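The structure appears below as structure tokens.
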Amino acid sequence: KTYIIERSFDNIDFVKAGEVAGTLAVFEDKNLASSKKYYYRVLAVNEGCTSGASQVKQESTATTCPAPPSNLVVVANSAKEIKVTFTDNSPDELGFELEWSKDGVTFAKVGSNISPNSTTTTISTGIDPETKYFFRIKAVGEICNSDFSNVANVTTNPPAPTGLSANGVKINQVDLVWTNTSKTATTIEIQRSAGADNNFAKVGTDVAVTTSSFQNTALNPGTAYNY
């Protein structure tokens, strides 16, 4: 009498994993992937006749968690957007789980998991201007997850001034007025382009954050300017 051992990854499709003989049969299934679930069943074969399959038993190989990501870096692209980059150190993670915090102590998951083998993402939902955020990330495995990466932090940019208006008061002068909404900005930078040109350039030196107006003089008469 011999025994056929069948193996499956999903408990649906089984393939032959091996065959042993004897009344007290023992079978070792080797060279399997770590941290994987396997399903087994056994069939008895005697003089050309094969029995039905035994009950199915599930077993998992030894757990090897994914290696944690490293070199986590976060950069504020604007007042409302943060870019996240990191190094992927595991070849077989199912994805990455990013967490954030405003105090560096209590963390919460950010959105959906990041796709496996991706090493960058951008966050543009739920971001407040002039706010410090802490981030950490871990690799997600089939059975267990990795440790967290280093914690990185960033402070988002100040919001842009609002209510900007421009008034051509002279043939060579434009007066600007705006409202500053930032709580942390130290200066205001004014930029200008001419006509249909969208290439803006800085005008003079920055003005104090307490300033809400500016006179741009020595301009070319009859020219349209954008600010």
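Fair warning: this is a prediction, and the values are worked out from it, not measured in the lab.
Judged by distance alone, with hydrogens and angles left aside, the side-chain atoms of S149 form no donor-acceptor pair with the main-chain N or O of R136 at under 3.5 Å. In terms of modelled atom types and a separation under 3.5 Å, the side chain of T87 and the main chain of N71 share no donor-acceptor contact. Put simply, the side chain of N167 never gets that close to the backbone of V169: no donor and acceptor are under 3.5 Å apart. A distance-only check finds a donor-acceptor pair linking the side chain of S8 to the backbone of D13 [under 3.5 Å]. Of the possible donor and acceptor atoms, one in the side chain of K80 sits under 3.5 Å from a partner among the backbone N and O of I127. In this structure a side-chain-to-backbone donor-acceptor pair under 3.5 Å is missing from T121 to V84. T211 contributes no side-chain N or O that, together with a main-chain N or O of V209, makes up a donor-acceptor pair within less than 3.5 Å. Side-chain atoms of T156 come within 3.5 Å of backbone atoms of E130 as a donor-acceptor pair (strictly under, hydrogens ignored). A distance-only check finds no donor-acceptor pair linking the side chain of Y39 to the backbone of I12 [under 3.5 Å]. One N or O on the side chain of N89 and one on the backbone of P68 form a donor-acceptor pair closer than 3.5 Å.
Taking the side chain as every heavy atom from C-beta outward, F14 and V56 approach each other to under 4.5 Å. Looking only at side-chain heavy atoms (C-beta outward), Q58 and N11 stay at 4.5 Å or farther from each other. Between Y133 and D128 the shortest side-chain heavy-atom distance falls below 4.5 Å. Under the 4.5 Å side-chain criterion, counting only non-hydrogen atoms from C-beta, Y227 is in contact with V174. Side-chain contact between K83 and E81 is absent, with no heavy-atom pair separated by less than 4.5 Å. Residues Y225 and N220 meet the side-chain proximity criterion, which asks for heavy atoms closer than 4.5 Å. By the 4.5 Å heavy-atom criterion applied to side chains, I114 and I137 are counted as neighbours. At least one side-chain heavy atom of N117 sits less than 4.5 Å from a side-chain heavy atom of E93.
At most 12 non-hydrogen atoms from other residues, nucleotides or ligands lie less than 6.0 angstrom from CD of E59. In this structure, K109 places its NZ atom where more than 12 heavy-atom neighbours from other residues, nucleotides or ligands lie under 6.0 Å away. No more than 12 heavy atoms of other residues, nucleotides or ligands sit less than 6.0 Å from atom NZ of K183.
Ring to ring, F86 and F96 are close: their centroids are under 6.0 angstrom apart.
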Passes side chain to side chain contact (heavy atoms under 4.5 Å, CB included), E19 versus V45? Steps please.
CA-CA 10 Å; E19 185 173 340; V45 179; 5.6 Å; no
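Nearest heavy atoms, A79 versus N157: CB-O, 3.2 Å. The two residues S90 and P66 come nearest to each other via the heavy atoms OG-CB, 3.5 Å. Nearest heavy atom pair, residue G126 against residue W100, reads O-CH2, 3.8 Å. Contact between L72 and A152 at its shortest, heavy atoms only, is O-CB, 3.5 Å. Here the closest heavy-atom approach between residue P69 and residue D147 is recorded as CD-O, 4.3 Å. Across all their heavy atoms, F214 and I190 have their closest contact at CG-CD1, 3.3 Å.
A chain of hydrophobic side-chain contacts below 4.5 Å, direct or via other Ile, Leu, Val, Met, Phe, Trp or Tyr residues, connects V203 to W178. Residues F200 and L176 are members of separate hydrophobic clusters, defined by side-chain heavy-atom contacts under 4.5 angstrom among Ile, Leu, Val, Met, Phe, Trp and Tyr. Residue L164 is grouped with residue I188 when hydrophobic side chains (ILVMFWY) are merged at heavy-atom distances under 4.5 angstrom, including chains of intermediate members. Placement of F27 and Y3 within a single hydrophobic cluster is found when ILVMFWY residues are connected by side-chain heavy-atom separations under 4.5 Å, directly or transitively. One hydrophobic cluster holds both I5 and Y38 under the rule that ILVMFWY side chains link at heavy-atom gaps under 4.5 Å.
A donor atom on one side chain and an acceptor atom on the other are not found under 3.5 Å apart for N180 and S182. A donor-acceptor pair shorter than 3.5 Å can be found between the side chains of D29 and Y40. Under 3.5 Å, the side chains of S193 and N198 contain no donor-acceptor pair of N or O atoms.
Atoms CG and NZ, on L32 and K37 in that order, are 15.5 Å from each other to the nearest 0.5 Å. Taken from CG in N113 to CG in L94, the straight-line distance is 9.0 Å, to the nearest 0.5 Å. Interatomic distance, F107 CZ to S101 OG, rounded to the nearest 0.5 Å: 4.5 Å.
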